[in-house]
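First comes the structure, then the notes that go with it.
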Amino acid sequence: MTLNQTWMQRSLAHVWHPCTQMKDHEWLPLVPVKSAEGVWLEDFEGKRYLDAVSSWWTSIFGHRHPHIVMRLKEQLDRLDHVLLGGFTHEPAVVLAEKLCAIAPKGLTRCFYADNGSSAVEVALKISAHYWRNLGQPRKTKYISLTNAYHGETLGALAVGGTRLYRDAYAPLLMQPIQVPSPDCFDRAPGEAWEDHTRRRFRHMEEALERHAGEVAAVIVEPLVQCAGGMRMYHPIYLRLLREACSRHGVHLIADEIAVGFGRTGRMFACDWAGITPDLMCLSKGLTGGTLPLSAVLCGDTIYEAFYDDYASYKAFLHSHSFSGNPLGCAAALATLELFEQSDVHSANRRLAALMWGAMTGLSSHRNVIDIRQQGMILAVELAKNPRKREPYPAEERRGLRVYRHGLERGVLLRPLGNVVYLMPPYTITPEQIVTMCEAAIEGIEVATRD
Ligand SMILES: *Cc1c(COP(=O)(O)O)cnc(C)c1O
């Protein structure tokens with residue numbers, strides 16, 4: 001047995017892998033990774049894979065970035081962990097200061113959790129608790145978008161709209177008020193993105209008019225519904241939503257877990273609309289993909305609604321053992337330093353243009369229905385019959401064929417159903433973009449051949 005096979009077998013004997021039908025691995029090899037550097041993952045036999053999905057969108061500056069590694073080692077030599085209740089530490093303080101400084105204006109408080117789903121739970125709880133503290137205990141519902149994804153814990157899953165992840169747990173979940181997503185994939189032929197997005201906003205306005213008295217918050221993924229297949233919409237939606245939420249007395253929660261930290265071309269996706277949400281969830285790229293950490297930012301108005309004598313029982317008594325873990329915070333600070341050291345966003349504009357240039361030829365492909373891009377996210381949607389807007393049936397697993405071809409070619413692509421997307425680390429070079437795009441284009445060719 002080869003080393004790769006040994007690790008695969010040992011893994012399959014005891015590790016229950018996430019987001020996986022384990023039976024697939026009877027015929028689909030697991031990829032054991034021994035080490036990583038930059039955009040590359042390396043297995044136990046020296047084969048390398050270009051990580052075109054930044055390991056689930058986390059590794060924004062590539063793997064083991066020397067600056068982040070250095071800061072992490074320094075931190076490990078000083079303080080590994082300490083509870084954040086009653087105690088504090090330098091990385092948590094400085095990170096909170098810096099996040100509030102770069103976040104949309106007015107976000108002044110930072111609550112730490114340790115993964116994206118937990119951050120969403122925190123935001124949902126803070127919102128409803130805020131209204132309760134203000135004497136409006138009826139405001140306990142949430143408005144969310146169809147096709148949304150906010151994580152896998154029960155609260156986060158409840159406000160998600162992806163049936164694949166949600167259906168099995170439907171009886172366990174609170175019922176959000178679901179509003180059609182502004183997703184511009186659905187726009188009429190020839191319709192401008194902005195017009196479609198505005199038209200879709202009417203559903204949101206109606207839902208707010210009807211339900212504001214019982215709604216705590218609206219939760220959205222700004223600009224890109226990532227897990228929902230990299231579906232995108234125009235920033236005007238966020239402007240209209242901000243205005244409507246304020247008018248109706250409902251919080252706006254921006255789930256920037258996937259799109260924050262430069263992914264869409266600005267530091268935060270909300271920046272494209274120039275809005276400040278009431279609550280903003282951050283994770284994934286926050287630590288440059290090195291450690292799990294998340295943060296929820298809010299403004300003084302929310303914070304002060306919890307600030308009272310102990311006996312008022314208004315405090316937010318939520319905690320995680322690893323809230324604000326010093327190593328995670330140090331990695332996040334190192335990541336922010338990388339943004340300070342160079343103009344990441346303009347460098348990304350050039351890389352994004354190269355990605356577009358390499359992929360745009362696919363627009364005439366017989367099975368490509370849409371190519372879309374927002375900053376460092378590029379998605380190609382495949383369809384059985386684009387003219388009739390007829391998708392490939394999910395059980396044909398066309399995306400999986402792209403995945404397998406990618407692995408053969410040494411590129412980690414991990415399509416979402418029929419959507420092949422590129423979301424590489426910002427440290428990718430122009431030559432590596434060529435390699436990545438060639439593998440994706442070939443994979444699409446192989447996957448659509450019948
Ligand atoms: C990944 C993701 C989450 C969940 O984060 P986890 O760390 O995987 O729990 C929530 N919201 C969005 C938009 C995400 O992409």
Side-chain angles (χ1 to χ4, degrees), residues 16-20 53-60 111-127 142 144-162 164-166 169 173 176 181-183 217-233 237-238 241 252-264 268-270 272 277 279-297 318 320-325 328 331-332 335 374-377 379 414-417 419 421-423:
W16 194 342
H17 289 265
C19 204
T20 299
V53 298
S54 301
S55 282
W56 272 338
W57 325 335
T58 60
S59 252
I60 56 175
F111 191 95
Y112 290 113
D114 49 21
N115 63 76
S117 303
S118 298
V120 169
E121 302 286 343
V122 165
L124 296 174
K125 282 177 70 177
I126 287 181
S127 175
Y142 302 97
S144 59
L145 298 176
T146 55
N147 196 43
Y149 181 85
H150 297 291
E152 303 290 356
T153 53
L154 292 177
L157 192 62
V159 290
T162 317
L164 181 64
Y165 304 129
R166 194 178 194 282
Y169 314 98
L173 304 177
S181 156
D183 182 358
V218 175
I219 181 165
V220 297
E221 293 156 273
L223 292 198
V224 190
Q225 294 187 308
C226 291
M230 304 297 162
R231 295 293 184 84
M232 301 173 185
Y233 58 89
Y237 197 83
L238 299 172
L241 182 58
L252 171 55
I253 302 173
D255 177 353
E256 295 246 5
I257 289 165
V259 292
F261 301 103
R263 185 50 78 178
T264 67
F268 300 107
C270 283
W272 286 101
L279 293 146
M280 186 160 93
C281 303
L282 302 172
S283 191
K284 291 204 166 109
L286 172 62
T287 59
T290 53
L291 285 165
L293 180 74
S294 63
V296 179
L297 304 187
H318 182 110
H320 296 287
S321 312
F322 287 101
S323 289
N325 170 260
T335 303
Q374 177 69 57
M376 287 295 278
I377 306 174
R414 205 174 190 278
L416 295 153
V419 179
Y421 70 91
L422 306 171
M423 212 157 152

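In listed order, ligands and their atoms are each counted from 1.
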#### Entry: Nearest atoms (heavy-atom pairs only) where A332 meets L293
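Of all heavy-atom pairs spanning A332 and L293, the closest is CB-CD2, 4.2 Å.
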Which heavy-atom pair separates I257 from G116 by the least distance, and what is that distance?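 Result for this residue pair: CD1-O, 3.4 Å.
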Those atoms of ligand 1 less than 4.0 Å from some heavy atom in [X]:
| X | result |
| --- | --- |
| N115 | 7 (O), 9 (O) |
| H150 | 10 (C), 11 (N) |
| I257 | 2 (C), 3 (C), 10 (C), 11 (N), 12 (C), 14 (C) |
| E221 | 13 (C) |

[Y] backbone acceptor or donor facing [X] side chain under 3.5 Å:
| X | Y | result |
| --- | --- | --- |
| T162 | A148 | yes |
| T335 | A331 | yes |
| S59 | G289 | no |
| E256 | M280 | no |

V220, V296, I219 screened by side chain to side chain contact (heavy atoms under 4.5 Å, CB included) with I253, the one that passes: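 Of V220, V296, I219, side chain to side chain contact (heavy atoms under 4.5 Å, CB included) with I253 is met by I219 alone.
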Q.
Can you check which of E152, Q225, K284 brings a heavy atom nearest to atom 3 (C) of ligand 1?
A.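 Minimum heavy-atom distance to atom 3 (C) of ligand 1 goes to K284.
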Inset, instruction - For atom 9 (O) of ligand 1, state which one of S117, A258, A113 supplies the nearest heavy atom. - result: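 Looking at heavy atoms only, S117 sits closest to atom 9 (O) of ligand 1.
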Q) In the protein, what heavy atom is nearest to atom 5 (O) of ligand 1, and what distance, to one decimal place, separates them? A)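 Ranked first by proximity to atom 5 (O) of ligand 1 is G116 CA, 3.2 Å.
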* To do: Please confirm whether W57 comes under 4.0 Å of ligand 1, counting heavy atoms of the residue only.
  =>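 Flag set, W57 near ligand 1.
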Below 3.5 Å, N or O to N or O, backbone or side chain included: is there any such pair between G151 and ligand 1?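 No.
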Does D255, backbone or side chain, put an N or O under 3.5 Å from an N or O of ligand 1?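 Yes - when backbone and side-chain N and O of D255 are compared with those of ligand 1, one distance drops under 3.5 Å.
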